[in-house]
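This is the structure I have questions about; it appears just below.
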There are 2 protein chains.
Amino acid sequence: MKTQLKKGTLDMCVLAALAAGDSYAYELVSILSRSMEVSEGTMYPLMRRLQAEAWVSTYLVESASGPSRKYYTLTAAGRQQLVLMQQEWQEFVGDVNSVLQLAAGRAKGESA
Amino acid sequence: MKTQLKKGTLDMCVLAALAAGDSYAYELVSILSRSMEVSEGTMYPLMRRLQAEAWVSTYLVESASGPSRKYYTLTAAGRQQLVLMQQEWQEFVGDVNSVLQLAAGRAKGESA
DNA sequence: CTCCCATACCTTGCATTACACGGTAGAGGG
DNA sequence: CCCTCTACCGTGTAATGCAAGGTATGGGAG
């Protein structure tokens, strides 16, 4: 029900996960699922977008327990983008929190 | 360009602003604009949604410098919802930050 | 051998929501 | 009369998360 909150942050989360090491979509879902809810239907289109932006590149690796895995690596541009996104994210969190604090005082009836 | 980040937070921001005192859409835009970018085209549909959820109620007040103003007040349900949203927001921020920190260590070549 | 499950890939269609753009209308100044 | 500021509103578009469904590989259960 709070899926709207994720809009725009998943890209950053995936890039961050990839900064910790190469991975593939199916695994990324389970990695991120440890901290937040994500579904496959979100992941695959997302990875396509990241690749279209040239923030990641791919290579195939055969698996002994199923189909080949499509691994993703951060490109230099991807690393740069991650830094940028983190800055925007923290700035945004600060903005929202400042709005929340604006209200906090008066909400309890403290008149001035 | 980071409009996606706002998805789902504007409702909360508006409710928070109203917790500090009744207001009308046009004014809410300028209030929130002090902390973040919002446009009128966003505000009016948003207010209708909040009202449809019964989180706010309205009353008209004539103005000496233009058309009548449609003021919005938080309902009891609105106050409750604000608290809920704030909890979800902080939880979400924590989740995202934990993902970001996951990557932080290894990104610099610290091989555990 | 067959069936099923876990792995791993992918697509289509839907819902939500922020915003640009455009339109209406009152009050006051040039 | 026109223009600006205030203040309201609607339509259509873009972005994106997700449910649901589809394909294929490999191994274990029956």
Side-chain angles (χ1 to χ4, degrees), chain A residues 1-15 22-33 35-53 55-56 58-72 85 88-89 92 95-96 99, chain B residues 1-15 22-33 35-53 55-56 58-72 85 88-89 92 95-96 99:
Chain A
M1 203 47 84
K2 53 174 181 176
T3 89
Q4 294 300 323
L5 287 182
K6 300 177 199 162
K7 298 284 176 90
T9 61
L10 287 185
D11 308 36
M12 178 177 62
C13 287
V14 168
L15 292 181
D22 293 4
S23 185
Y24 49 99
Y26 189 83
E27 192 185 44
L28 282 168
V29 170
S30 74
I31 290 176
L32 293 187
S33 289
S35 299
M36 59 201 306
E37 292 172 21
V38 204
S39 67
E40 277 191 43
T42 305
M43 206 61 205
Y44 287 100
L46 200 169
M47 297 314 295
R48 192 173 292 275
R49 268 180 272 148
L50 295 185
Q51 192 174 7
E53 298 283 354
W55 294 333
V56 298
T58 69
Y59 56 96
L60 283 179
V61 174
E62 290 177 24
S63 165
S65 62
S68 292
R69 296 167 177 167
K70 193 192 236 178
Y71 275 84
Y72 293 88
M85 282 176 160
E88 286 180 350
W89 165 249
F92 176 70
D95 290 347
V96 171
V99 171
Chain B
M1 202 47 84
K2 54 175 179 175
T3 89
Q4 295 299 323
L5 287 182
K6 300 177 198 162
K7 298 285 175 91
T9 60
L10 287 185
D11 308 35
M12 178 178 63
C13 287
V14 167
L15 291 182
D22 294 4
S23 186
Y24 50 99
Y26 190 84
E27 191 186 44
L28 282 168
V29 171
S30 73
I31 289 176
L32 293 186
S33 289
S35 299
M36 59 201 308
E37 291 172 22
V38 203
S39 68
E40 275 191 45
T42 305
M43 206 61 203
Y44 288 99
L46 200 169
M47 296 315 294
R48 228 175 309 128
R49 267 181 272 149
L50 296 185
Q51 192 174 6
E53 299 282 354
W55 294 334
V56 299
T58 69
Y59 56 97
L60 284 179
V61 174
E62 291 177 24
S63 166
S65 62
S68 292
R69 296 166 176 167
K70 193 191 234 177
Y71 274 84
Y72 293 88
M85 282 175 159
E88 286 180 348
W89 164 248
F92 176 71
D95 290 347
V96 171
V99 171

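Just so it is clear, the structure is predicted and the values come from calculations on it, not from any experiment. Below, read A as the first sequence line, B as the second, and so on, with proteins coming before strands; counting in each chain starts at 1.
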Counterpart residues, side chain to side chain contact (heavy atoms under 4.5 Å, CB included), relative to R49(B) (two or more places apart)
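Side chain to side chain contact (heavy atoms under 4.5 Å, CB included) list for R49(B), sorted by chain: D11(B), L46(B).
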Touch check for K6(B), heavy atoms < 4.0 angstrom, all strands: base, sugar-phosphate only, or nothing?
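Touches sugar-phosphate only.
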Got a sec, which residues hit side-chain hydrogen bond (donor to acceptor under 3.5 Å, both in side chains) with T42(A), two or more places apart in sequence or on another chain?
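T42(A) satisfies side-chain hydrogen bond (donor to acceptor under 3.5 Å, both in side chains) with S39(A) once adjacent residues are dropped.
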Taking the nucleotide of DNA chain D with the nearest heavy atom to each, does Q4(B) or E27(B) sit closer to the 5' end?
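By nearest-heavy-atom nucleotide position, the 5'-most residue is E27(B).
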Under the side chain to side chain contact (heavy atoms under 4.5 Å, CB included) rule, collect the residues that match up with E88(B), sequence neighbours excluded.
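Residues passing side chain to side chain contact (heavy atoms under 4.5 Å, CB included) with E88(B): K2(A), L84(B).
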Could you tell me which non-hydrogen atom of M85(A) sits nearest to which non-hydrogen atom of M12(A), and how far apart they are?
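Scanning both residues, the minimum pair turns out to be O-SD, 3.6 Å.
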Does anything in residues 63-70 of chain A come within less than 4.0 Å of DNA chain C? Heavy atoms only, and list the residues if so.
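Result for residues 63-70 of chain A: S63(A), S65(A), P67(A), S68(A), R69(A), K70(A), sorted by number.
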Once you build an axis from the first five pairs and another from the last five of the helix from dC1(C)-dG30(D) to dG30(C)-dC1(D), how far apart in angle are they, to 10 degrees?
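About 20° separates the two local helix axes.
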By side chain to side chain contact (heavy atoms under 4.5 Å, CB included) - contacts of S35(B) (at least two apart):
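Expected list: S98(A), V99(A).
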For Y44(B), check side-chain hydrogen bond (donor to acceptor under 3.5 Å, both in side chains) against everything at least two apart and list the hits.
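Result, side-chain hydrogen bond (donor to acceptor under 3.5 Å, both in side chains) vs Y44(B): none returned.
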Output a table of donor-acceptor pairs, distance under 3.5 Å, between side-chain atoms of residues 59-68 of chain A and any protein atom two or more places apart or on a different chain; print 'none' if there are none.
residue, atom, partner, partner atom, Å
Y59(A), OH, D22(A), OD2, 2.6
S63(A), OG, S65(A), N, 3.0
S63(A), OG, S65(A), OG, 3.4

Boundaries of the chain A footprint along DNA chain D (any atom under 4.0 Å from a heavy atom):
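Terminal contacting nucleotides, 5' to 3': dT16(D) to dG26(D).
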What are the bounds, 5' to 3', of the part of DNA chain C that sits under 4.0 Å from heavy atoms of chain B?
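Here the contact window of chain B covers dT17(C) to dA27(C).
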Once side chain to side chain contact (heavy atoms under 4.5 Å, CB included) is applied, do any residues pair with T58(A), and if so which ones, sequence neighbours excluded?
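In terms of side chain to side chain contact (heavy atoms under 4.5 Å, CB included), with neighbours along the sequence ignored, T58(A) is linked to Q51(A), K70(A), Y72(A).
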List in chain and number order the residues that pass side-chain hydrogen bond (donor to acceptor under 3.5 Å, both in side chains) with E27(B), two or more places apart in sequence or in another chain; answer none if no residue qualifies.
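Result, side-chain hydrogen bond (donor to acceptor under 3.5 Å, both in side chains) vs E27(B): S23(B).
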